[in-house]
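The next block holds one structure in the form of structure tokens; read it before the comments.
Lettering follows sequence order; numbering is per chain, from 1. Treat the numbers as computed from the prediction; the structure is a model and nothing was measured.
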Amino acid sequence: MENQIKQILLENSEALFGIQIEEKLIQFQNTRKDVEGDLTLVIFPFVKMLKVSPIDAGEKIGSFLQEKLSFIDKFNVVSGFLNFIIADSHWLNELKNMDENPKFGYSTENSKPTLMVEYSSPNTNKPLHLGHLRNNFLGYSVAEILKANGHKVVKTQIVNDRGIHICKSMLAWERFSPVNENGERETPGNTGMQGDKLVGKYYVEFDKQFNIEANEIIQQWENGEFNGFPEDSIVEFNRLQDSKVEKDEKATKGIDAKIKDLAKNQTSLLLDAKEMLIKWEARDPEVYLLWTTMNNWVYQGFDVTYKAMGVDFDKLYYESETFIIGKELVEKGLKDGTFFRKEDGSVWIDLTDEGLDEKLVLRSDGTAVYMTQDLGTAFDRFNDYPDLDGIIYTVGNEQDYHFKVLFLILKKLGFSWAQNCSHLSYGMVELPKGMGRMKSREGTVVDADDLMEDIVDSAKEMTQERGHIEGMSEEDKNELYRTIGMGGLKYYLLKVDPKKKIVFNPNESIELNGNTGPFIQYTHARIKSLLRKAENVGELKDVSLHHEEKEILKHLSMFPNLIEEAGKNHSPALIANYSYELVKLYNHFYQAVTILKEENEELKNMRLVLSRNVAKTIAQGMRLVGVNVPEKM
RNA sequence: GGGCUCGUAGCUCAGCUGGAUAGAGCACCUCCCUUCUAAGGAGGCGGUCUCAGGUUCGAAUCCUGACGGGCUCACCA
């Protein structure tokens, strides 16, 4: 419709305006609620060239278009806005088209380039938390939205299964796990704990013991006991101590933190963990066995969590494999001069010309860092999928700088695909003021499994109170509680623009009224109930439309465009907000108009077909954000 | 300190590439179940779009600066 108007204006530009106008001057917008009309053309851009008032310009353009286009029933001009009233037959035709298309709004499958969406990417030393929920729901949804746009999509993750942090929990388990009467340390089997929770427990334990030891070292230093510590640490300690003189409280605090870091680096625990990492990279059999065992516990735990979240993956990548590829890339880059080696053996890239810093890509002890493996992983992926066009990395915005650097290095290494890699950067999930930050090490996280369980419980409570669940089996009821609870949680985390942070108060349960998942699910269930009662729906005939009906049709016909926008912007929030609008329009209609008791069969039919397509669009939209919709609730 | 980013109603958020009198939900106050699911609907209350300049016929939206929050600048990931 918009395109047709645009085309007519462009073709007749000389006649209308005296010159050939630019396409971007033709701007449409939705007509204001209090003005009659279905579509509005902004007239201001044409006023100057027509040398008449905005009203006259609008009249001229309006009558010209009305003559050419049959779907324009009437038009009016209010100040600089030309409002078209579109014929009912046009909207009924739209309804007919969407009704015939079960995949209304979706593009042809695999008609666009292959994309990879990376999300989740957990560390294997701790359980998933609230932040991961946002990440997983977002990544999953964006992948589904891209599929709906016709892309072939590979869902993937990079499993953070190696590194110093993994060694920390391994070491802590070896050192601090109690031993039972059979001489065994704690395992998921003998404790009944989910594997990831058990390993996470030891990660926290490491940090605790590590801090105790660091504090003891500081104590020793303050007492002048420096035996056994390296010279440079002692010198640095004394320098920092002296610099505290006559500083205010804040500055002193900062210096104390630096001293703490210094001491941490001298703890036997950290030194042992580092040694363990070197052994691991050298494939020491004992360390490798421990690593394999503990990681498998974690994977079994994660499986439970992913299943509850309702997300899936097509292909997994492991850092324990790709870091090697990364190291090879670094070797190659050293030879061609992309990287350089410092005296201590560490390898760097100089990005100061790009306004960034020097960045480490390999430690002096030869072990890999985060960047090393990310280079390797990207290379590996394009190698595995020759038709791969680009990668979308779903990672929090705290890593904005990392990805800027990563893509730049890949480009400098000469990979042309680097320009098609993008960082889907989302805002942190924060706790309300005064509750601090979520830190796994400090145990101040909202656990993903616990949260999902809580929300399903509260959905159960609400459903038992007001749901239509009589006659349902226990199994179906439980499934419904899960659908509603998880729907509420997903919608809550996805309705906000991904770029923005979310403040989450764990003490307040997630709202299930208003702009929420269950509100949308409810409308779907209600329509389904209506359609069940209607039994059969007849052919669509030419009838005249109520205002409420036309509003819904206008909104429905925007759905294909919306999916495209959501794909372009990598934003499930657009889908969520669209669905919410649709549901509000429908509920208004539902209240204002009778459907089953309508005596005019043709009208009744049209309303049922309309309802059917609203339900379908809700279901399809919700599917794209990972939310299921029930037939009854 | 450098870089990035955010600041819209008491709270949580929409406001597309600049367009008409800035919109929802929650909370608070009224109404509406002998029409199909009231997890619903109708109405009320609530705003200097952080502030100050600038660009423009027109700015919540673009530019500059200030103030306030967040992230980041690791041989952590």
Side-chain angles (χ1 to χ4, degrees), chain A residues 24 27 29-35 40 42-45 47-48 54 78-81 83 121 123 125 160 163-166 168 261 274 319 342 344-348 355-357 359-365 367 369-371 373-374 396-402 404 425 427-428 430 433 437 459 462-463 465-468 484 488 492 495-497 499-505 508 511-516 518-523 525-531 533-534 561-562 565 569 573-574 576-577 580-581 583-584 587-598 607 611 632-633:
Chain A
K24 66 176 183 192
Q27 294 164 28
Q29 59 182 298
N30 294 328
T31 309
R32 274 179 66 96
K33 273 187 224 148
D34 50 359
V35 174
T40 295
V42 185
I43 294 301
F44 296 107
V47 170
K48 268 186 194 162
V78 183
S79 61
F81 301 91
N83 307 304
S121 303
N123 291 347
N125 63 337
N160 239 285
I164 190 76
H165 53 296
I166 310 292
K168 285 179 181 175
D261 282 342
K274 281 182 175 172
E319 283 188 356
K342 289 196 181 175
D344 61 4
S346 57
V347 181
W348 298 72
L356 306 174
D357 307 306
K359 191 80 189 172
L360 179 86
V361 291
L362 210 59
R363 291 195 187 98
S364 54
D365 64 8
T367 57
V369 290
Y370 188 44
M371 188 59 76
Q373 51 219 22
D374 264 0
N397 64 12
E398 57 191 350
Q399 293 192 32
D400 285 355
Y401 184 74
H402 171 77
K404 211 168 155 184
S425 163
M428 300 281 94
E430 292 175 10
K433 272 187 210 134
R437 258 196 89 180
M462 285 191 83
T463 306
E465 207 173 290
R466 59 184 106 177
H468 301 75
I484 295 173
Y492 178 87
K495 74 173 176 186
V496 182
D497 185 326
K499 289 195 285 293
K500 294 199 175 182
K501 64 166 195 208
I502 289 180
V503 180
F504 179 82
N505 191 339
E508 293 168 12
E511 191 65 50
L512 299 175
N513 293 317
N515 183 2
T516 65
F519 172 76
I520 292 170
Q521 291 171 323
Y522 175 74
T523 303
R526 208 194 215 178
I527 297 174
K528 283 303 173 115
S529 160
L530 185 77
L531 293 171
K533 285 189 178 158
N561 198 267
L562 173 89
E565 282 297 305
N569 295 310
L574 295 179
N577 287 322
Y580 176 60
E581 278 305 316
V583 163
K584 273 203 298 186
N587 285 343
H588 180 66
F589 156 81
Y590 184 86
Q591 198 74 25
V593 178
T594 53
I595 301 169
L596 293 178
K597 294 203 171 166
E598 171 59 53
R607 286 174 193 160
S611 299
K632 264 189 195 178
M633 73 184 270

Could you tell me whether the side chain of A:Arg607 and the main chain of A:Thr594 form a donor-acceptor pair under 3.5 Å? yes
Looking only at atom C1', what distance separates B:G19 and B:A59, rounded to whole Å? 10 Å
So A:Ser611 and A:Tyr590, side-chain contact (heavy atoms from CB on, under 4.5 Å) or not? Walk me through it. CA-CA 9 Å; A:Ser611 299; A:Tyr590 184 86; over 6 Å; no
According to the Watson-Crick and G-U wobble definitions, with both distances under 3.5 Å, which nucleotide is paired to B:G19? B:C57
Please report the C-alpha distance between A:Asn513 and A:Met462 in whole Å, then the side-chain angles of each, then the deciding distance to 0.1 Å, and finally whether the side-chain contact (heavy atoms from CB on, under 4.5 Å) criterion is met. CA-CA 11 Å; A:Asn513 293 317; A:Met462 285 191 83; 4.3 Å; yes
Its contact letters, B for base, S for sugar-phosphate only and - for none at protein heavy atoms under 4.0 Å, make nucleotides 1-20 of chain B read ------S-----SS----BB
Would you kindly give the CE-to-P distance between A:Met371 and B:C73, to the nearest whole Å? 11 Å
Provide the Watson-Crick or G-U wobble partner of B:C28, both distances under 3.5 Å; none if there is no partner. B:G44
Which nucleotide, in any strand shown, forms a Watson-Crick or G-U wobble pair with B:C33, with both distances under 3.5 Å? none
The glycosidic conformation of B:C49, counting syn as within 90° of 0 and anti otherwise, is anti
Taking the C1' atom in each of B:C45 and B:G10, what is the distance between them to the nearest angstrom? 12 Å
Using atom C1' in both nucleotides, what's the gap between B:U48 and B:G3 to the nearest angstrom? 32 Å
Stepwise side-chain hydrogen bond (donor to acceptor under 3.5 Å, both in side chains) test for A:Asn587 and A:Tyr522: CA-CA 10 Å; A:Asn587 285 343; A:Tyr522 175 74; over 6 Å; no
Whole angstrom is fine here: how far is it from CG in A:Leu362 over to C1' in B:A77? 16 Å
Any strand: nucleotide that pairs with B:A39 via Watson-Crick or wobble, under 3.5 Å: none
Heavy-atom closest contact (A:Trp348 atom, A:Leu360 atom, distance): CE3-N, 3.4 Å
Whole angstroms only, please: what is the NZ-C1' distance between A:Lys48 and B:C57? 7 Å
Rounded distance [0.5 Å steps], CG in A:Leu530 versus CD1 in A:Ile595: 4.5 Å
For B:G46 and B:G1, measure between their C1' atoms and round to the nearest Å. 42 Å
Which value, in whole Å, describes the distance between the C1' atoms of nucleotides B:C11 and B:G47? 15 Å
How is A:Gln399 classified with respect to the nucleic acid when contacts are heavy atoms under 4.0 Å: base, sugar-phosphate, or nothing? base
Would you please name every residue forming a ring pair (Phe, Tyr, Trp, His ring centres under 6.0 Å) with A:Phe44, sequence neighbours left out? A:Phe81
Between B:U12 and B:G53, how far apart are the two P atoms, rounded to whole Å? 29 Å
Work out how far the P atom of B:A9 is from that of B:C49, and round it to whole angstrom. 10 Å
Minimum side-chain heavy-atom gap A:Val78-A:Arg32 below 4.5 Å: no
Kindly give the heavy-atom pair with the smallest separation between A:Pro518 and A:Gly488, and that separation in Å. CD-CA, 3.7 Å
Complement of B:G68, any strand, by Watson-Crick or G-U distances under 3.5 angstrom: B:C6
Contact letters for nucleotides 27-41 of chain B, in which S counts primed atoms plus P, OP1 and OP2 and B counts the base, heavy atoms under 4.0 Å: --------BBBSBBS
How far does the P atom of B:A27 sit from the matching atom of B:C67, given to the nearest Å? 39 Å
Return whichever of A:Glu319 or A:Thr516 has its heavy-atom-nearest nucleotide of RNA chain B closer to the 5' end. A:Thr516
Within-4.5 Å side-chain heavy-atom neighbours: A:Asp365 and A:Lys274: no
